[in-house]
Amino acid sequence: MVRVLRAYGIRDARVLAAMGRIPREAFIPEGVCVDDVYGDHPLPIGHGQTISQPYIVAYMTELVEAAPGRKILEIGTGSGYQAAVLAELGASVFSLEMVPELVKHARAVLQARGYAVTVRLGDGYEGWPEEAPFDAIIGTCAADEIPITLCRQLVIGGQLVLPIGGVDQQRIVIIRRDVTGFTRTEDLPVRFVPMVHAGHRGTGRG
Ligand code: SAH
């Protein structure tokens with residue numbers, strides 16, 4: 001898998017080494033059947049959700065510059081795999097997930113492996129105001145538009161990296177916060193599951 005990532009242009013040796021150390025299969029919930037966990041494609045984790053293909057995990061990890069001393073918010077914990085990659089690189093990670101079973105699963109796996117990740121059941125569109133500001137925010141589900149609430153939870157100099165768009169057309173968008181405001185850069189075309197508005201899941205919060 002690491003060889004493929006390098007061939008696709010992932011250059012950050014720290015990211016490659018971190019992903020080489022983390023067993024992907026450990027993050028697949030029990031009862032979900034997959035073969036070829038190390039292929040460059042998404043993996044099912046139940047509840048209609050997936051772990052992104054390794055290339056996208058590596059690419060987004062590079063963009064949020066995960067490193068010791070950096071505080072990173074993830075939207076969409078899912079299996080906990082992306083959060084583990086960020087934590088393996090030394091970042092302190094906060095991660096929001098809206099499916100209770102996945103919160104439970106991810107907490108257990110991350111804790112068993114000793115990662116500094118705090119997982120909470122919550123709506124990604126609201127971010128995590130009590131822990132803000134963050135050095136970076138990474139979204140692993142696609143929002144229909146840029147959530148301004150999340151932008152405001154960045155430090156000056158911080159970046160929000162998240163897929164924006166509908167089911168068929170999405171791009172990774174990078175929002176940087178500086179003293180004068182926000183700048184937006186459109187990046188790779190991608191395909192993620194949608195960032196669901198809480199009201200539509202019947203969580204009673206929308
Ligand atoms: N990062 C994950 C992949 C997550 S898939 C991993 O490495 O396994 C996207 C996740 O986003 C799903 O688990 C989905 O339940 C969650 N999600 C979707 N909308 C959300 C929202 N509004 N708030 C929080 N999580 C959300």
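Numbers here simply count residues along the sequence, with the first being 1. Every number for a ligand or one of its atoms is a count from 1 in the order of the listing.
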Under 4.0 Å, heavy-atom basis, I'd like to know which part of [X] is in contact with ligand 1: side chain, backbone, both or neither.
X: Val193; result: side chain
X: Gln49; result: side chain
X: Ser52; result: neither
X: Ser79; result: both
X: His47; result: neither

Are any of the N/O atoms in [X] less than 3.5 Å from those in ligand 1?
X: Tyr125; result: no
X: Gly124; result: yes
X: Val196; result: yes
X: Thr50; result: no
X: Asp123; result: yes

Any heavy atom of [X] closer to ligand 1 than 4.0 angstrom?
X: Ala84; answer: no
X: Thr77; answer: yes
X: Gly122; answer: yes

Between Ser79 and Gln49, a side-chain donor and acceptor under 3.5 Å: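 No.
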Quick check with a 6.0 Å cut-off and a 45 degree axis cone: is Arg120 positioned over the face of Phe94's six-membered ring?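 Not satisfied by the 6.0 Å and 45° rule.
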